[in-house]
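One structure below.
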Amino acid sequence: MLRMSTLFLRTLRDDPADAEVASHRLLVRAGYIRRIGAGIYSWLPLGVITLRNIERVIREEMDSAGFQEVHFPSLLPREPYEATNRWEEYGPSLFRLQDRKGADYLLGPTHEEMFTLMVKGEYSSYKDLPLSIYQIQTKFRDEARPRSGIIRGREFVMKDSYSFDIDDAGLDVSYQKHRDAYIKTLDRLGMKYNIVRAVSGAMGGSKSEEFLAPCPTGEDTYVLCPSCGFAANVEAMVTKVDSVDSSTTPALEEMDTPNTPTIDSLVDVLNERFGGGFTGAHTLKNVMVMADGKAIAILVPGDREVDLKRFQENCGGIHELRTFEDSDFAKFPGLVKGYIGPQDAKALGITVYADPRIAPGTSWVTGANKINRHARNVVNGRDFTPDAYIEAAEVRAGDACPECATPVVIDRAIEIGHIFQLGRKYAQSLSLTVLDQNGKSQVVTMGSYGIGVTRAVAAIAEQTYDEIGLNWPVDLAPAKVHIVATGKEDLPFETADAIATELEAMGISVMLDDRRGTSPGVKFKDAELIGNPVIVVVGKSLEQGNVELRVRRTGDKQEIPLSGAARAIATLVESL
RNA sequence: CGGGGCGUAGCGUAGUGGCUAGCGCGCCUGCUUUGGGAGCAGGAGAUCGGGAGUUCGAAUCUCCCCGCCCCGACCA
């Protein structure tokens, strides 16, 4: 039983000045967490209890799916990460440190290497597989910009699982088992979420999905088809555009277009000269980027921006990607800034990637690679040929669903879980092999599955809070029942204590506000701010032999007789 | 890393060169009060983020550094 007279808790009347998003603001005000540094938080008792409740649900679902819990250190030696090249590849986000002898260590940002090595150390036969193991562990990432309180921290708790299979079919089964377990877990956590197609990116692997909790303060943007239910992270959005027959398109024609270095100015000139009807969508934008030191042109329709992250994820294998600077243009005198077209790319030694909207046979107005000159009727396949088609244009609400062509909607969300098929990358570089039926050595194939546990605290807070405070699902709240005793006599306090004791005996957790001399208003405000699902008030109505019962979420109030109150409260809790 | 904002008591804040750094919340003592963040009286609590400088005098002006928040870049 949590007695507020002794509970280590101080609620704040004012919003903390450094908290903007609701979950952060309320978790601080209600005394769950305190900030220690950017992206680093301490947990007070109420926060710890809530966090443990979420962990408990996750653990139960992982265990019941047959996954086994293990535990790794956060402090890790350099060598395993050297073997997979991630000591370097992870870049500045890795917390690196040295021991007294000068040996390199890191604080684990994720544990693929350690899991792989653990299995390698124990297993060596196909008969031991499949295997899925998991841990709940603190991760460290030196984020360039921690933000939104606990949503993106530099130290955070994650549940990470890994599956090990002998072949791709086995991996599919393990993946599906995790997917099912995640659905059960997030349902039990009372979260609203969408399962969304993701890009596996540099991690390789064939299949990847994210569990996104819709929320305006989320950092991820995803598309959703209102008709067929297709959902994808914007990076994984697929554009379907058919080829066009260009046999009747007139020949490429260059023209003088003085002083038109921007799409807008070009559209104006076109409309003036050819009697209107032109928009940015008729022009071809050539965005020059440097990818690991290599010059690349990205082609998108003129009315769209390039989404560099989307391009990078879909291209794969690019470490550093940035737009051209003046010094880069200096190396390519054939490129006239503001008048670039893809026609001469081959001659200039530039790789051309086209967004799928630049479909074969489509005709465009674009730069002529000469100052103050543009070209029209520039046809893909005739006047230029992209080296590859890569999704690169920004995704917009209203774009066509790749499954059913219905205009999609766009929403923001917090990424709460991510599952993906890793494949053999880690097993390969760390030599995790087992012998198959024929005694032949086989590289194991892996899956990787994560749930952000501390992030889930914030996401659930974001999805459930209201004007007066936090508002937890019944299984996650610090206590299921919050009993407030009011008045200056002993009777309400003794009565409240008795009900609390009875409820605890029934296995229902109770927070009891037994503070003497604290005014009722303060107690009510605190109860609402803390967000336990059922609030019981023992006070005034005691004269009629009643106690008052409120459901935090709905605000529904009722008076129930004192006799049998505990039983009635228990029934209400069960119904939530 | 680029842009913007900020740093004064546990929290929220006032204070643009001049008295002992002010107020609200919270905290302590006493009395009163007890159904919606109570009242009165008394009190404790601040190296004004740090350092250097300008000045008779600096929270306030200058320079350097540190930290925090927001937008963007970045982020298995």
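The sequence lines fix the lettering, A, B, ..., with proteins before strands; numbering per chain opens at 1.
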Any chance you could measure A/Leu171, atom CG, to A/Arg424, atom CZ, to the nearest 0.5 Å?
8.0 Å
Does the pair A/Glu112 and A/Thr110 meet the rule for a side chain to side chain donor-acceptor pair (under 3.5 Å), with working shown?
CA-CA 6 Å; A/Glu112 282 84 358; A/Thr110 172; 2.6 Å; yes
Could you go over nucleotides 1-8 of chain B and give all protein N or O partners under 3.5 Å, atom names and distances?
none

Just call it for [X]: base, sugar-phosphate, or nothing, with non-hydrogen atoms closer than 4.0 Å on any strand.
X: A/Ser93; answer: nothing
X: A/Asp160; answer: nothing
X: A/Arg141; answer: base
X: A/Ser541; answer: base
X: A/Lys523; answer: nothing
X: A/Arg550; answer: base

Of all of [range], which get a heavy atom below 4.0 angstrom from RNA chain B, listed by number?
range: residues 532-540 of chain A; answer: A/Val537, A/Gly539, A/Lys540
range: residues 37-44 of chain A; answer: A/Gly37, A/Ala38
range: residues 446-465 of chain A; answer: none
range: residues 67-76 of chain A; answer: none

[X]: salt bridge (charged side-chain N to carboxylate O under 4.0 Å, His left out) partners, not counting sequence neighbours:
X: A/Asp556; result: none
X: A/Asp264; result: none
X: A/Glu113; result: A/Arg86

Rounded to the nearest Å, what distance is computed from the [atom1] atom of residue [X] to the [atom2] atom of nucleotide [N]?
X: A/Asp142; N: B/A73; atom1: CG; atom2: C1'; result: 16 Å
X: A/Lys557; N: B/G35; atom1: NZ; atom2: P; result: 14 Å
X: A/Glu235; N: B/C75; atom1: CD; atom2: C1'; result: 10 Å
X: A/Leu12; N: B/C11; atom1: CG; atom2: C1'; result: 6 Å
X: A/Glu219; N: B/A73; atom1: CD; atom2: C1'; result: 13 Å
X: A/Gln312; N: B/A73; atom1: CD; atom2: C1'; result: 12 Å
X: A/Asp18; N: B/G49; atom1: CG; atom2: P; result: 16 Å
X: A/Glu528; N: B/G36; atom1: CD; atom2: P; result: 12 Å

Under 6.0 Å between the ring centres of [X] and [Y]?
X: A/Phe67; Y: A/His178; result: yes
X: A/Phe164; Y: A/Phe115; result: no
X: A/His111; Y: A/Tyr426; result: no

Which of parallel (below 30°), tilted (30 to 60°) and perpendicular (above 60°) describes A/Tyr193 and A/Phe211?
tilted
Hey, what's the ring geometry for A/Tyr182 with A/Tyr449, parallel, tilted or perpendicular (30° and 60° as the breaks)?
perpendicular
Report, as yes or no, whether the 6.0 Å neighbourhood of atom CZ on A/Phe140 holds more than 12 heavy atoms from other residues, nucleotides or ligands.
yes
Does [X] pair with [Y] as a salt bridge, N-O distance under 4.0 Å?
X: A/Arg516; Y: A/Asp490; result: yes
X: A/Asp18; Y: A/Arg35; result: yes
X: A/Arg396; Y: A/Asp303; result: yes

Please answer whether the main-chain N or O of A/Ile151 pairs with a side-chain N or O of A/Arg455 as donor and acceptor at a distance below 3.5 Å.
yes
Bracket string, RNA chain B, 5' to 3' - pairs by Watson-Crick or G-U geometry under 3.5 Å, | interstrand:
((((((((.[[[[.)..(...]]]].((((((.....)))))).....[[[[[..)....]]]]])))))))....
Sub-3.5 Å pairs of nitrogen or oxygen atoms, protein against nucleotides 40-44 of chain B:
none

Please give the distance between the P atoms of B/G42 and B/G22 as a whole number of Å.
16 Å
Show the distances under 3.5 angstrom between N or O atoms of the protein and N or O atoms of nucleotides 22-29 of chain B.
unit_1: B/G24; atom_1: N2; unit_2: A/Asp14; atom_2: OD2; d: 3.3
unit_1: B/C25; atom_1: O3'; unit_2: A/Arg13; atom_2: NH2; d: 3.3
unit_1: B/C25; atom_1: O2'; unit_2: A/Arg13; atom_2: NE; d: 3.4
unit_1: B/G26; atom_1: OP1; unit_2: A/Arg13; atom_2: NH2; d: 2.9

Applying ring pair (Phe, Tyr, Trp, His ring centres under 6.0 Å) to A/Phe311 and not counting sequence neighbours gives A/Tyr353
Flag for A/His24-A/Ser148: side-chain donor and acceptor within less than 3.5 Å
no
Could you give me the CA-CA distance, side-chain angles and deciding distance for A/Ile150 and A/Phe156, then say whether side chain to side chain contact (heavy atoms under 4.5 Å, CB included) is met?
CA-CA 8 Å; A/Ile150 234 165; A/Phe156 58 97; over 6 Å; no
Between A/Lys309 and A/Pro16, the residue closer to the 5' end of RNA chain B by nearest nucleotide is A/Pro16
Quick one: on RNA chain B, does A/Gly517 or A/Glu143 contact a more 5' nucleotide (nearest heavy atom)?
A/Gly517
Tell whether A/Arg152 reaches the base of B/C75 with its side chain through a donor-acceptor pair below 3.5 angstrom.
yes
Apply side chain to side chain donor-acceptor pair (under 3.5 Å) to the pair A/Glu209 and A/Tyr175, showing each step before the final yes or no.
CA-CA 10 Å; A/Glu209 289 168 294; A/Tyr175 181 91; 2.7 Å; yes
Any side-chain heavy atom of A/Leu106 sitting closer than 4.5 Å to one from A/Tyr90?
no
